[in-house]
Amino acid sequence: MRKSHIRLVMLSVCLFITNSILAVSVNENVAVNGKQCDVITWTDDRGQSREIALVRADGDTGNYIGGYIERYRYQGAGGLKTAQSDNSMAGVSGLGTTVHHYSNTAATGKRGSNGNSGFILQSTHHVIWRWTANVNAGGNIATVVDYIIRDGRSDIGWASSYDTSSENANTVQADCRGPYVQFDWDGDGAFFGTQVSGIRWGDRFHFRTVNFNGAASSWDYTQANSIPYMMLYKSGNNGDAECGMVQTQTWTQQDAGGYWWANSAGGTSSSDWTAGDTNNDGAADNQMPANWNCPFQLNAYEGYNAEKMAWGTNFGYVGRDTYQDLTYANRSGGHPHQGYTVFIHIGQHSHGGVDALIQHMASSQQSTLSATQGQVVSSGPDHVGLNPSVTYQPQGWDHRYAEWVLSDQGSGIAMQLNVGGNGLSRSTFRIENFSGNAVPATIQLNNQDITLDQDYHASLHNNTLYVTLLNNLAAGVNNIAIANNGQNPPPPPPPVQNTLPFYNDTTPTLTAGWWDSPSGSDSFVEVDDGDAAEGSKKMLATYTITNWWQGLAIPINNWNPVDISAYDNLHISLKGPSSGNVTLKLVNTANGVTVGVSAGQALATNAEWTDFVIPLATLSANGFDISATQLIRFDLSGVENAADVTLMVDNIYVSAAAQNPNVRSIKLSINDSNGPVDFFADITPNDDVAEVQNDQSVLFEELALLTDYTINLSPLGNN
C-alpha cells in the first residue's frame, strides 16, 4: 500500500510553546548534539514549556563525564529560544560545569573520574537529577551536583557539595567557579563578541553597571546586600534576555565572591580616588575589575563583551580548615565539607525574573515557620549528598533545595508561615512521613480551598509529599492546611497524537528483506502466537551470525520513500535478541544517507518487550532526510558463531506532538488503477463546514490525475 500524509490545516502547536503540561516529562538517554542526555520538560511560571538536556556521565564525548546542561529550550522575546553549549572550550562547555582554580591552574568536573548520574527524585511535578564524580584539584574532591526542577517555576536549582575528607586539611586549596556558563544562554547563536547591556552581582553589597561600556563601564557598589547573586542582561538593540544565579542563603551564612577587588565595595566608579592601579588590583580605580580579580567571573576575560558567567569564591573555600572571605575575615568549613545552592534563571529581562528570585530568597530568610499540626523540621544535612547536619536558618528552611520542611505526625499538617520582606513567590513545601496515600485534591490556604494543578502542584514519592504553590504568599501570616485523606485525582485525559502506522495487527504485513548480510542465514516472518507488544501479531527474525555482524531492513512502504517530516518521534517495540546487540537506523537509499540511533546496549538479556521512542529531530539534525524515508534497519552484532538468534519487532509508527483533543483527524482512502492510496488530514476545531469542504476540494485537486478511484472518508480514533 502506498501512503502519504497531507496536512489540510497547518497547526502552529509546538511542544515548547504549549501551555499546561500538567506534569514533568522525562525522556532518558536521548541524543542531543552528539551527546547522550536525559531530557526534562516542565511548565514555567508563565504557563509555557521549558526543556533542558542534561549530559549523562556515560554519554559525554572526548573522555568527559557530563554533569551539565547541553541544551535549554524556553520561550523568550520573539518566540522559542534554543540555548546551547559553546564548544570552543570543550573542557568547560555547557551550563553547570564545576570548575576549581588552584595552584595557578584549574580543574573541571567534566575531566573528573568515576562519574555517575541519574534521577534521585522523579515524580509527577518534582524532579532531582544527580551527578557525582571525583575531581582532582591538588587532591581529591568528591563532588555532587543536583539539578532541581519544579513544575510551575521557571528557575532550575543547582545544588553542589565538595567533600575533601579523604585528604588532610589544606591539601586541597581551591576556589569554586561552578555553575560555569560557557553557554549561549539567550539562544542567538553567538557566544563570544556579543554585546551585553549590563552586569550585576551581589556579595556584601549590590554591584551594578550604570553606563555599560565594557571594561570602562561606570558602576555603583554602595547598596548593602544580603543574598549573593550574579547576572548578565541584554536590553534595547541587544535583545531582551537575562541569565542570573541566586543563592539560597545569606552572605553571612554562606559567603560568595572572590579575591580583593571587592574592597571597592561601598564606592562608585566616580569616587575621588587617585588615578591608576593604586589598589594593586589589576585595574585603574575608576575601571571594572581586572579579569583575574572579578568577584564573579562575569565576562571579565572577554573584555566584558560575551555571555560567559561563573560563580566566585576565594582560594581555600574548598579544602582548607580556614579560609579568608571578601572581608579578610577567617572562616571555617572549607575542610572536610563545603557546598552551596544557587537557582538559575534564564528568560526575558523585561519580565524581571532574576530580581523576583532575589526577592524570594531574601524574603525567605525573613520568614518564620511554625505548626499547630505536624512538626517543623529544625535541622538536616548541610550539603547535598552528605550527612553532616546543621540547624536550619530560618527554622524549617532547607537551603539545599529551597524548601520549607515539615514532618507529618500522623494527622496531616497545619502550618503558619509568617512571610517577611515583600512576600514569597511559588514556594515549595516538603512534608516528610506523609500519612496520606495519595496527593490531596485540595488544600487550604488562609481558610480557603485551593485546587490541585490549578493552584498548586503536588507529588508523592516514598512517603514524602512535595507541594509547590502556584500563587504568591503576601507578607504576614499565611495559614496552610494539608489533610492526609486525599484521594487520587482523576488523571488528565491522554494527549491525542497524530500517528502514522507502519506495522501493527491492523496494518498490512510489511515486506521484509536483509540489508548487507555478510554471512549467516536468516528467516523473517510474521507470527501470530499471542506474544506481541500490540495485538497478537509480531515480526520474528531468526538468524545466525558467523562474522560478528548482520543487517536486517524493513521497507516501510514497499521501497517507496515516505515523508515523515510532519512527525516528531519514531516508535518501535523490540524483544531480544537472545544474544548480541541491536542498533536501529533509518535509511534513505536515494541520497545514500544512513543515520543510526542506538536502541540499547544490553538487549541480549532482554526477555521482555521494550518500547523505544526515537526523536526524529536527532536524525534530521545529523543529515538524514526524513522526508524520504525508505527503510527501518537493524544492525545485529556482538556475538559470533551463534545459531538461531532471534529478534522480535512490533508496533512501528511515527507520532506528532500532542494536539488539542478536539482536533479531528480524518483518513481518505482512494482506490485507483495502481492500488489503494491513503491520505491523512487534520481539521481544527475552528473549521466550519464550508472550510472543511474547501479543504477537501484542495485535496481533490491534487488527486485529479488519478483515474478509476473511489473515496471512503472515515475518522481516526475516537475523534
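Taking 4.5 Å as the limit, some side-chain heavy atom of Leu369 sits within range of a side-chain heavy atom of Leu406.
Side-chain contact annotation: Glu242 with His349, donor-acceptor N/O pair under 3.5 Å present. Counted by atom type alone, Tyr323 and Asp255 present one or more donor-acceptor pairs between their side chains at under 3.5 Å. Side-chain contact, His399 with Thr341: no donor N or O sits under 3.5 Å from an acceptor N or O. Residues Asn168 and His335 have side chains that never bring a donor and an acceptor to within less than 3.5 angstrom of each other. Side chain to side chain, Asn422 and His360 fail the donor-acceptor criterion of an N or O pair below 3.5 Å. For Tyr68 and Asp60, the side-chain atoms include at least one donor-acceptor pair closer than 3.5 Å. Tyr317 and Asp325 are not linked by any side-chain donor-acceptor pair at a separation below 3.5 angstrom, with hydrogens and angles left out of the test. Inspection of the Gln416 and Thr372 side chains reveals an N or O donor paired with an N or O acceptor under 3.5 Å. Using a 3.5 Å distance cut-off with no hydrogens or angles, the side chains of Asp146 and Trp129 do not pair a donor with an acceptor. If you check the side chains of Arg50 and Tyr72, you find a donor sitting under 3.5 Å from an acceptor. Looking at Asp408 and Ser435, their side chains do bring a donor and an acceptor atom within 3.5 Å of each other. Side chain to side chain, Tyr162 and Thr164 fail the donor-acceptor criterion of an N or O pair below 3.5 Å. Of the N and O atoms on the side chains of Asn330 and Thr322, not one donor lies less than 3.5 Å from an acceptor on the other residue. For the residue pair Asp44/Trp42, the side-chain donor-acceptor check at 3.5 Å is not satisfied. Inspection of the Gln393 and Gln365 side chains reveals no N or O donor paired with an N or O acceptor under 3.5 Å. Counted by atom type alone, Ser407 and Gln409 present one or more donor-acceptor pairs between their side chains at under 3.5 Å.
Counted within 6.0 Å of CG on Asn446, heavy atoms from surrounding residues, nucleotides or ligands total more than 12; the atom is thus considered enclosed.
The cationic group of Arg331 lies under 6.0 Å from the six-membered ring centre of Trp251 and within 45° of the ring axis, placing it in a cation-pi geometry.
Exactly one of Arg426, Arg153, Glu403, His126 qualifies for a side chain to side chain donor-acceptor pair (under 3.5 Å) with Thr468. That residue is His126.
Rounding to the nearest 0.5 angstrom, the gap separating the OG atom in Ser226 from the CD atom in Gln247 is 10.5 Å. We find the CZ-CD distance between Phe183 and Gln84 to be 7.5 Å, quoted to the nearest 0.5 Å.
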Between Ser49 and Thr41, does the side chain to side chain contact (heavy atoms under 4.5 Å, CB included) criterion hold? Intermediate values first, please. CA-CA 7 Å; Ser49 183; Thr41 306; 3.3 Å; yes
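Across Arg430 and Tyr401, no two heavy atoms sit closer than the pair NH1-CD1, 4.2 Å. Contact record, Ile227 with Tyr229: O-CD2, 3.2 Å, taken as the closest heavy-atom pair. Of all the heavy atoms in Glu70 and Cys37, the pair that sits closest is CB-SG, 4.3 Å.
Aromatic rings from Trp158 and Phe343 are positioned such that their centres are separated by 6.0 Å or more.
Within the 3.5 Å criterion, the main-chain N or O of Thr451 finds no donor-acceptor partner in the side chain of Gln454.
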